[in-house]
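Taking it in order: structure first as structure tokens, then the write-up.
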Amino acid sequence: MNVQTSFLTILTALCGLFPWAPVSAGQEKITDFAFISTEGDTADLSKLTDRPVLLILADTSAMSQKALSQAAELFDHYRGSELQIVAVMPGRNAEEAGAMQEESWLTYPLFGDASGTIARELKLSEYPSAAILDNSHIVRWKGRYAGDNREVRPNLDRWMRQKVYNISAKRFEYTPAILKVRRGDRVLLKLTSEDVEHGLFLDGYNSYVTQYLDREGMVVPPGKADHHIKPGELGMLSFTADKAGRFSFRCASTCGEFHPYMIGHLHVDPDPLFPGGLAATGAIVLGSILLGWRRRDASTGRLLGLIPFTWKFELTQFRLVRSLLKSRWFPLVPMLGNLAVFTVILFAAYVGGIGGAGNYNFGVMIVWILWWVLLMLFMVPLVGRLWCMVCPFPLFGDWIQRGKLFLVGRQKSWGLGKRWPNRWRNLWPLVILFFVSTWFSAFFTVRPMATFILLAAIIGLAVVIALIFEKRTFCLFVCPVSGFQGLYSNISACEVRVKDPQICKSHTPKTCVTGNDKGYGCPWMEMPFDMNRNTYCGMCMECFKTCPHDNMALNIRPFGKDLLAERKKTDDIFHRRGTDEAFKALTMIGIFFAFFLAFQGPYAHLKDTARAVTGPGFLAYLTELALTDFVVIPGVFLVFVLLAKLVSGVKDVPLKRIFVNFSYCFIPLGLAVWGAFSLGIVFPNSSYVVHVISDPFAWGWNLFGTSQFPWTPFLTRVTPLAQTALTLIGLVVAVDFGFKFSLQTFPTLAAAKRAWVPMAACLAVFAGAFLYVFTG
Amino acid sequence: MAKAKELIAVILVILATAGVVVALLAYERGLAKERNTIELEARGVSTWSKTEIRVKKGQHVRIRIRNVDNVSHGFAIPELDVDEHIIRAGQVEIVEFVPKYAGEFVFQCVVQCSRDRHEFMRGKLVVEEM
């Protein structure tokens, strides 16, 4: 077998294994690796550039299949990298080569430094079988097989100071999905697809993997390369890891329903953010304990010790606001506008069907990106139940019950008008219903038809409940998203309250409850004259219309005022803390962890369980959700509560009271981490909204000229930082209120100080866990 | 006056629901009239909405392909030199060509859209003599 034939053998073998291999013998342009023929005993290395060179002196005639595939794998792995791979045929004859051991083709490379120049001429006779060459050293083969490519690669990576990752993509999974490099490393990501078009966008570096080789193995000219990698193509992204941190990388080519959740992580170490966040957590919690320890009074009157909770700014002092809230057109008109938007949402979700791309569907994008993000980042923290004010879902129920849409009709609900049972007049139904709806979030948030079914079911249920039960029973006790909005609204910077309680005292009948010709008695069955918490106030603004004394006020107030409202004189069912609210707060934490890990994490198996690839997998997911929400999170919390009771030294404070009172710490912390969670949606994916407003049904419309607007992630560099900041802000507020809860719970200042130590530690543990999922 | 306001509110509800749907459909209908295209959908489970398209030889053909699936699809008729068009999920592409030959030709998806069904995502373009 002559030299040339041997070359053809190895080439054919390599090309067979890797159909895109572009190299052919004698080809002039050496882009990646080269096979250099030898003249006699000398290899001509003049074609090499001064990139780091890996030279493999090979005797293909003696190569076993295993050795050949090892070589091929190595070549393939480093294609396109800084490494230049050269295979040289030493030109041995077959008889001699046949005597060689099967596995002797590759060996451990031993490397010197990469400086120096390339040997231009090589006496092959000096190297009997195989050797590896770097820029300055030729290392003789040791004569025996010393390891496979898994062991060879780290040495090569180190030698050329470029980390090469060959990433295989298949629907909703990168392999490997977690990459670790050091800051300053040069990194080469190479992407191939196993099934459909995929892509890879790297957060923070704002870079895409782009086409490098096409399906025929030809290099794609840079001008023509895009970032959609088809099966059979090779995509590459080369960069220097100059920013430290944990960066998500995500699919850049719509590849199926779970496409927006196809995510991997790149760790560029050392990352100061996670340890920094932990240090800040420790400092905040220790600071809180120390400040608490020095306290000499048990006052709870100021937010962060600065803003008195009695401070308020009355918006209704302005005539314009007053007349707006008095008008029956408000909030009817925004509700109707919202109804029109929801009609489009439902229509889009319906025509999108089961298989339409959720990320190009108006229904899915507006609900799960725009609505959710506005809700968690703006509406709830700033205004409270602003959404409930303008939500169009109860409109039809109201209309049926009242007989009028705009005017004031029946005060007593038409239909059966039943009273919701007392034992369920709390947040428990909503704890359960929201938990149940999370089972299917892997469908709602990605499949248009699932969104349609969910919304249609909610609208239908709202009408049915309105026919059976009185007033806004649906909003209060059935709507799945009502619970967390109500509970989290206790922290919001806005409230509906009476101006002067004395006026209400002497006012009979209480028209805010009974209604009059100007408006309805509170549809949310609150006692507006006596409210001190936002949980059950839907901001429908009827009490502004029914109060003949103009005694209702819309106030801006310090955040979290209602969290301290422990028990009211009337002891109304709405005005108390309870295990229902405690579990609402705690399950929201459990759901956060489950959602973040399944949807924004790099764990494909979790995604597969959530989207019910297999029945048992889905059952496992539901079990995991149930355990996290109702056992693990409350269990961990309970351990610290027990500790708090123990160290407080107070025996007669019931454990339940401690559990319930401290659980309200998870309202500021929970809202903060849900806000942070939302940032992880809004920065990468909100650009879809720009597209869908122009082409809401993927019908090829271009209403506002933005239908060609490409998917454009933005601010992904700051996402982990912003998530850390939000978590820490939540923690600051949580510890501020936590100590106040301790003061409320325990009879003496000393006991409250002692009990606060384990509870503060508890918050540190949770904050640390949040930071870990965001940045660790 | 009060009754008029109630009526306005009711009209607004109708406009916000049925009115919106009618407006959307009417708008699409108006666009469809101007399009003058053969409509083709690339659908889920690797299927075309039409498996047979009839055109005339020598006449300009405009096929508007909407990808209503959630993966990329492609369109090509190699025998008629209709090159690859890639239609990504949620996007719309217009393929234009003049068939030079009469006969039956295969149009097929040219982007692997499924591991097992992609090969079967094909249809027939029938070019008739003028």
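The chains referred to below are lettered A, B, ... by the order of the sequence lines, with proteins before strands, and numbering in each begins at 1.
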Which distance, rounded to the nearest 0.5 Å, do you find between the [atom1] of [X] and the [atom2] of [Y]?
| X | Y | atom1 | atom2 | result |
| --- | --- | --- | --- | --- |
| A:Phe406 | B:Lys3 | CZ | NZ | 14.5 Å |
| A:Trp699 | B:Glu41 | CH2 | CD | 10.0 Å |
| A:Thr254 | B:Asp69 | OG1 | CG | 10.5 Å |
| A:Leu405 | B:Leu7 | CG | CG | 10.5 Å |
| B:Thr17 | A:Leu339 | OG1 | CG | 6.0 Å |
| A:His228 | B:Ile86 | NE2 | CD1 | 8.5 Å |

Sort [X] into side chain, backbone, both or neither according to what part of it lies under 4.5 angstrom from a heavy atom of chain B.
| X | answer |
| --- | --- |
| A:Lys230 | side chain |
| A:Leu332 | side chain |
| A:Arg328 | neither |
| A:Asn702 | neither |
| A:His198 | neither |
| A:Asn361 | neither |
| A:Leu395 | side chain |
| A:Ser193 | neither |

If I measure from the heavy atoms of chain A, does [X] come under 4.5 Å with its side chain, its backbone, both, or neither?
| X | result |
| --- | --- |
| B:Glu93 | neither |
| B:Leu31 | side chain |
| B:Val71 | both |

Pairwise side-chain contact, A:Trp701 with B:Glu28, heavy-atom cut-off 4.5 Å (strictly under)
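Yes; the side chains approach each other to less than 4.5 Å.
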Just checking heavy atoms, which of residues 103-113 of chain B are less than 4.5 Å from chain A?
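Counting heavy atoms that sit under 4.5 Å from chain A, the residues of residues 103-113 of chain B involved are B:Val110, B:Val111, B:Gln112, B:Cys113.
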If you compare all heavy atoms of B:Ser72 against all heavy atoms of A:Glu197, which two are closest, and at what distance to 0.1 Å?
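Answer, listing the atom of B:Ser72 first, then A:Glu197: OG-OE1, 2.5 Å.
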Between the side chain of [X] and the main-chain N/O of [Y], is any donor-acceptor distance below 3.5 Å?
| X | Y | answer |
| --- | --- | --- |
| A:Asp195 | B:Ser114 | no |
| B:Arg66 | A:Ala698 | yes |
| B:Glu6 | A:Leu407 | yes |

Run A:Phe342 and B:Val20 through side chain to side chain contact (heavy atoms under 4.5 Å, CB included) and show every step you take.
CA-CA 10 Å; A:Phe342 264 82; B:Val20 167; over 6 Å; no
